[in-house]
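Since this is a predicted model, take the numbers as computed values, not measurements.
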Amino acid sequence: MVLFDVRTLFFVGAISAIVCATMLWLSRGLHGPSRPGLAWSSASQCAFGVAMLLISLRGAIPDVLSWPVANALGSSAAALMYEGVRRLSGARPMPWLVGGVAAVLCAVHAMLGSDPRWFELRLQITSVVQGGFSAASIPLLLARLRRDDEPRAPLRWAVGFLALFGAGHAARFVVVAASGAPISQAGMVHGPVQALMPTVFAIAPMVYSLILIGLVNGRIASELWAIATVDTLTGVRTRRAFIDEARRALDPGGTPVLMMLDLDRFKQVNDRYGHGSGDRVLQRFARLLREACPEGAAIGRYGGEEFCLLVERTTPAAGLALAQRLCDTARATAFGLAVPDVTVTVSIGVATAADGTTLEELLIAADRRLYRAKASGRDRVVSSDGPLEVDTRPMPEAAPSDPRARGVGVPLSS
């Protein structure tokens with residue numbers, strides 16, 4: 001009958017687990033938000049590795065190390081793993097749970113000692129603790145899987161791994177309860193089927209560590225993508241990202257409406273109230289666009305105080321109504337400037353499918369009409385190239401008695 005020596009398997013697994021623990025520890029600097037989770041996961045893999053190393057040396061080292069210490073350390077590693085998952089998932093840290101579980105396990109295994117009569121009970125305790133913490137980690141990862149900013153593939157692999165690891169421990173618990181331990185106290189098993197479960201346990205730390213590295217790399221890639229495609233000030237698409245998204249959204253024969261929006265006399269906001277106030281105006285206006293636009297609309301900051309908006313499937317009348325609503329809403333919005341009666345308005349140029357079939361044609365038409373809206377008095381929507389009535393009202397003078405700033409109190413839309 002073919003025999004397999006689990007101790008040799010565990011020795012190889014111990015070396016790989018310690019190497020993986022070192023790798024996770026050195027990876028902490030790659031991604032700041034994942035740093036605590038990687039640190040706890042490194043401690044978990046180190047504990048798994050040392051536990052397997054002590055088991056692999058059973059008979060060559062004192063029994064107190066290869067039995068109670070090894071079993072307590074291996075089970076405590078599962079609690080460390082769970083805390084690592086909590087921190088990687090953004091859940092509330094529970095370090096007290098790790099300490100409490102470790103203390104109980106140390107007490108239980110110290111009481112059992114190295115008495116061979118309790119060999120099966122020790123296996124079942126390990127299965128309950130390691131399988132239980134694996135199962136408890138799955139809901140935390142599933143919650144992160146529902147977020148758009150998380151890399152899905154590594155999270156799915158992590159969920160699958162923990163489900164398999166937990167199911168393996170559940171199966172071992174049932175087998176031990178029904179027919180005794182499939183492994184001898186000397187670390188020998190009969191046949192490849194019985195050796196399958198110890199093999200899974202031996203390679204588990206390496207597999208889990210690789211999944212964690214994949215998760216962190218995915219988060220880094222996601223953040224780099226966000227930096228490249230999302231305007232950090234306003235949260236809408238950058239110019240290049242908007243053009244790419246809008247070009248993908250345009251369908252042949254579709255009915256798009258494209259708008260170019262420019263905040264009127266925005267330079268005066270920066271000059272009178274400072275660039276911090278100007279930034280707040282841009283942020284509030286971008287939020288106004290996101291709240292008012294239909295789902296699926298592409299919104300981008302085209303440059304400075306100029307924004308672009310594409311609604312792919314709509315009618316010219318609905319697009320014009322949306323543009324007018326945005327214009328009216330901006331006029332009525334308090335943008336958080338220092339003077340309550342100061343208003344911020346927007347000029348909008350609108351292009352529809354009648355103006356062209358490509359994004360470039362729509363942009364040219366909308367930009368031309370935006371210029372006409374500015375030239376004819378601002379605070380208005382222009383959707384055609386027909387004649388417009390030019391607003392010839394003079395700009396009101398600033399209140400000379402106001403000591404705070406030149407022109408404070410003047411409507412910026414004048």
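The side chain to side chain donor-acceptor pair (under 3.5 Å) analysis of residues 156-170, with sequence neighbours excluded, yields the pairs Gln130-His169.
A donor-acceptor distance shorter than 3.5 angstrom exists from the side chain of Ser44 to the backbone of Ala77, with no hydrogens or angles considered. Here the side chain of Arg301 pairs no donor or acceptor atom with the backbone of Phe307 at under 3.5 angstrom. Ser42 places no side-chain N or O within donor-acceptor distance of the main-chain N or O of Leu24, the cut-off being under 3.5 Å. The main-chain N or O of Arg144 is never found under 3.5 Å from a side-chain atom of Arg147 such that the two would form a donor-acceptor pair. Using modelled atom types, one side-chain atom of Ser137 and one backbone atom of Phe133 make a donor-acceptor pair closer than 3.5 Å. Distance alone, capped at 3.5 Å, is enough to place a donor-acceptor pair between the Thr22 side chain and the Ile18 backbone.
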Assess the residue pair Lys267 and Asp271 against the criterion (salt bridge (Lys or Arg N to Asp or Glu O under 4.0 Å)); give the C-alpha distance rounded to whole Å, side-chain angles, the decisive distance to 0.1 Å, and a yes or no.
CA-CA 6 Å; Lys267 184 177 183 299; Asp271 291 345; 2.8 Å; yes

Let's go through Tyr82 and Leu140 carefully: what are the C-alpha distance in whole Å and the side-chain angles of both, what is the deciding distance for side-chain contact (heavy atoms from CB on, under 4.5 Å) to 0.1 Å, and is it a yes or a no? CA-CA 10 Å; Tyr82 177 69; Leu140 298 173; 3.9 Å; yes

Quick one, Glu306 with Arg239, criterion salt bridge (Lys or Arg N to Asp or Glu O under 4.0 Å). Give me CA distance, side-chain angles, the key distance, then yes/no.
CA-CA 10 Å; Glu306 191 172 2; Arg239 176 173 177 159; over 6 Å; no

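With contacts defined as side-chain heavy-atom distances shorter than 4.5 Å, the pair Ser179/Val175 qualifies. When side chains are defined from C-beta on, Met94 counts as touching Trp96, because their heavy atoms get closer than 4.5 Å. Contact annotation: the side chain of Val346 never approaches that of Asp262 to less than 4.5 Å [non-hydrogen atoms, C-beta and beyond]. You'll find the side chain of Ile348 stays beyond 4.5 Å of the side chain of Val382, heavy atoms only. Inter-residue side-chain proximity for Phe10 and Arg7 is flagged as unmet; no heavy-atom pair is nearer than 4.5 Å. Using a 4.5 Å heavy-atom threshold, the side chains of Arg369 and Asp355 count as touching. Side-chain atoms of Leu54 and Trp67, non-hydrogen and from C-beta on, never get closer than 4.5 Å to each other. Two residues are said to be in side-chain contact when any heavy atoms from C-beta on lie closer than 4.5 Å; Leu362 and Pro256 meet this criterion.
One finds the CG atom of Leu145 at 5.5 Å from the CG atom of Leu155 (value rounded to the nearest 0.5 Å). Note that CG of Leu112 and CG of Asn71 are 8.5 Å apart. Values are rounded to the nearest 0.5 Å. Taken to the nearest 0.5 Å, the CG atom of Leu65 stands 9.5 Å off from the CG atom of Leu57. The CG atom of Leu359 lies 7.0 Å from the CG atom of Leu310; values are rounded to the nearest 0.5 Å. Taking CG from Leu363 and CD1 from Ile243, the interatomic distance works out to 6.5 Å, rounded to the nearest 0.5 Å. The distance from atom OG1 of Thr229 to atom CZ of Arg240, rounded to the nearest 0.5 Å, is 11.0 Å.
Closest non-hydrogen pair, Ala135 versus Pro139, comes out as O-CD, 3.2 Å. Heavy-atom minimum distance, Phe48 versus Gly74: CE2-O, 3.5 Å. Of all heavy-atom pairs between Met52 and Ala14, the closest is CE-N, 3.7 Å. In terms of heavy-atom proximity, Gly84 sits nearest to Ser41 at CA-OG, 3.9 Å. Among all heavy-atom pairs drawn from Ala39 and Trp25, the shortest one is CB-CZ3, 4.0 Å. A pairwise comparison of heavy atoms in Val269 and Gly278 identifies CG1-CA, 3.9 Å as the closest pair.
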N/O donor-acceptor pairs under 3.5 Å from side chains in residues 282-299, not counting sequence neighbours:
from, atom 1, to, atom 2, distance (Å)
Gln283, NE2, Leu233, O, 3.4
Arg290, NH1, Thr234, O, 2.8

Distance-only check: which donor-acceptor pairs under 3.5 Å involve side-chain atoms of residues 313-327, not counting sequence neighbours?
from, atom 1, to, atom 2, distance (Å)
Arg313, NH2, Asp251, OD2, 2.6
Thr315, OG1, Ala318, N, 3.1
Gln324, NE2, Asp328, OD1, 3.1

May I have the list of side-chain donor-acceptor pairs in residues 199-215 shorter than 3.5 Å, sequence neighbours left out?
from, atom 1, to, atom 2, distance (Å)
Thr199, OG1, Ala195, O, 2.7
Ser209, OG, Pro205, O, 2.8

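Annotation: Tyr371, atom OH; neighbour count of heavy atoms from other residues, nucleotides and ligands within 6.0 Å does not exceed 12.
In the model, Asp264 has a side-chain atom that pairs as donor or acceptor with a side-chain atom of Thr345 under 3.5 Å. Under the 3.5 Å distance criterion, with hydrogens and angles disregarded, no donor-acceptor pair is assigned to the side chains of Arg219 and Ser222. For Arg378 and Ser347, the side-chain atoms include no donor-acceptor pair closer than 3.5 Å.
With salt bridges taken as basic N to acidic carboxylate O contacts below 4.0 Å, one links Glu83 and Arg87. With respect to the salt-bridge test (charged N to carboxylate O, under 4.0 angstrom), the residues Glu245 and Arg237 qualify.
With sequence neighbours excluded, no residue forms a side chain to side chain donor-acceptor pair (under 3.5 Å) with Thr126. For Arg368, the salt bridge (charged side-chain N to carboxylate O under 4.0 Å, His left out) partners are Asp385, not counting sequence neighbours.
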